[in-house]
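See structure below.
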Amino acid sequence: MVDSCEPVVTARMSGLCNEPINAAILYYNVHLRLLVDHLRLSMPGPKLVYINAYKIIRDIIDDPTHQGFAEVKQPCCRVSSNGLLCERGGSVCQSRNSYLYFDGLHVTDVVNALIARKAYDTDNIFEAYPINVKQLAGL
């Protein structure tokens, strides 16, 4: 789980994100970043990069229009009764690039591409730490 604001979660929580789960994700991510530091010091051979997909997705949720998104709460497709995956033969939105979520759980391809671009060349250490993938490839 990258975030607890997925449509499958918010549908069960009256449209709200599950903030206790988000707090746990943040706690996990802080310690994962610390682990990267620890492993880099204790095992100097491996090269590690931490990509904070949670932050990238939360930035979209917090300010969707800045990233070009129109819909961050509803899935692009009509989901099945369990709220997770697209219903077979169901409708799909016309402008997938403006949706954060494709189904009840998964982000759209445009979001995955954004995460990949940021992982590759962001200078924001809160998105890629301690370096980005482009810098990693140059080592």
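This is a predicted model, so every value here is computed, not measured.
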> Does the side chain to side chain contact (heavy atoms under 4.5 Å, CB included) test come out yes or no for Cys86 and Val92, once each step is laid out?
Replying inline: CA-CA 8 Å; Cys86 296; Val92 177; 5.6 Å; no
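- Grouping the Ile, Leu, Val, Met, Phe, Trp and Tyr side chains by contacts below 4.5 angstrom, directly or via other members, places Tyr129 apart from Ile56.
- Residue Leu26 is grouped with residue Ile21 when hydrophobic side chains (ILVMFWY) are merged at heavy-atom distances under 4.5 angstrom, including chains of intermediate members.
- With contacts defined as side-chain heavy-atom distances shorter than 4.5 Å, the pair Val36/Pro130 qualifies.
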Under 3.5 Å, which donor-acceptor pairs link side chains of residues 95-107 to any protein atom two or more places apart or in another chain?
{"unit_1": "Ser95", "atom_1": "OG", "unit_2": "Ser98", "atom_2": "OG", "d": "2.9"}
{"unit_1": "Ser98", "atom_1": "OG", "unit_2": "Ser95", "atom_2": "O", "d": "2.8"}
{"unit_1": "Tyr101", "atom_1": "OH", "unit_2": "Asp3", "atom_2": "OD2", "d": "3.4"}
{"unit_1": "Asp103", "atom_1": "OD1", "unit_2": "Leu105", "atom_2": "N", "d": "2.9"}
{"unit_1": "Asp103", "atom_1": "OD1", "unit_2": "His106", "atom_2": "N", "d": "2.7"}
{"unit_1": "Asp103", "atom_1": "OD1", "unit_2": "His106", "atom_2": "ND1", "d": "3.1"}
{"unit_1": "Asp103", "atom_1": "OD2", "unit_2": "His106", "atom_2": "ND1", "d": "3.0"}

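- The hydrophobic cluster containing Leu16 does not contain Val9, counting ILVMFWY residues as joined when their side-chain heavy atoms lie under 4.5 angstrom apart, directly or transitively.
- Annotation: side chain to side chain donor-acceptor pair (under 3.5 Å) contacts of Arg33 (sequence neighbours excluded): none.
- Nearest heavy-atom pair across Ser4 and Glu19 is OG-N, 4.4 Å.
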>> Checking Cys5 against Arg58 for the side chain to side chain contact (heavy atoms under 4.5 Å, CB included) test, could you report, in this order, the C-alpha distance in whole Å, the side-chain angles of both residues, the deciding distance, and whether it holds?
In response: CA-CA 9 Å; Cys5 295; Arg58 284 305 300 214; 3.1 Å; yes
Name the atoms and distances for all side-chain donor-acceptor pairs under 3.5 Å in residues 132-139, with sequence neighbours left out.
{"unit_1": "Asn132", "atom_1": "OD1", "unit_2": "Lys134", "atom_2": "N", "d": "3.1"}
{"unit_1": "Asn132", "atom_1": "OD1", "unit_2": "Gln135", "atom_2": "N", "d": "2.7"}
{"unit_1": "Asn132", "atom_1": "ND2", "unit_2": "Thr122", "atom_2": "O", "d": "2.9"}
{"unit_1": "Gln135", "atom_1": "OE1", "unit_2": "Asn132", "atom_2": "N", "d": "2.8"}

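- Expressed to the nearest 0.5 Å, how far CD of Glu6 lies from CZ of Arg12 amounts to 11.0 Å.
- Between Pro20 and Asn18, the shortest heavy-atom contact is CD-OD1, 3.1 Å.
- Atom OG1 of Thr108 is separated from atom CG of Leu114 by 9.5 Å, given to the nearest 0.5 angstrom.
- Around the CG atom of Asn124, the shell of radius 6.0 Å holds more than 12 heavy atoms that belong to other residues, nucleotides or ligands.
- Note on Tyr28: it clusters hydrophobically with Phe126, by side-chain heavy-atom contacts below 4.5 Å among ILVMFWY residues.
- Under the 2.5 Å SG-SG cutoff, Cys77 and Cys93 do not qualify as a close cysteine pair.
- Linking ILVMFWY residues whenever their side-chain heavy atoms come closer than 4.5 Å, directly or via other members, places Leu84 and Met13 in the same cluster.
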Would you list the atom pairs, donor with acceptor, under 3.5 Å between side chains in residues 61-73 and any protein atom, with sequence neighbours excluded?
{"unit_1": "Glu71", "atom_1": "OE2", "unit_2": "Lys73", "atom_2": "N", "d": "2.8"}
{"unit_1": "Glu71", "atom_1": "OE2", "unit_2": "Gln74", "atom_2": "N", "d": "2.8"}

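- Scored by the ring pair (Phe, Tyr, Trp, His ring centres under 6.0 Å) test, His31 finds Tyr27 as partners (sequence neighbours excluded).
- Legend: side chain to side chain donor-acceptor pair (under 3.5 Å) pairs involving residues 110-119, not counting sequence neighbours, sorted by first then second residue: Lys118-Glu127.
- Looking only at side-chain heavy atoms (C-beta outward), Val111 and Ile60 come within less than 4.5 Å of each other.
- Val49 is listed as a side-chain neighbour of Ile131, based on a closest heavy-atom distance under 4.5 Å.
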>> Is there a side chain to side chain contact (heavy atoms under 4.5 Å, CB included) between Leu35 and Tyr50? Walk through the geometry before answering.
In response: CA-CA 10 Å; Leu35 180 61; Tyr50 163 66; over 6 Å; no
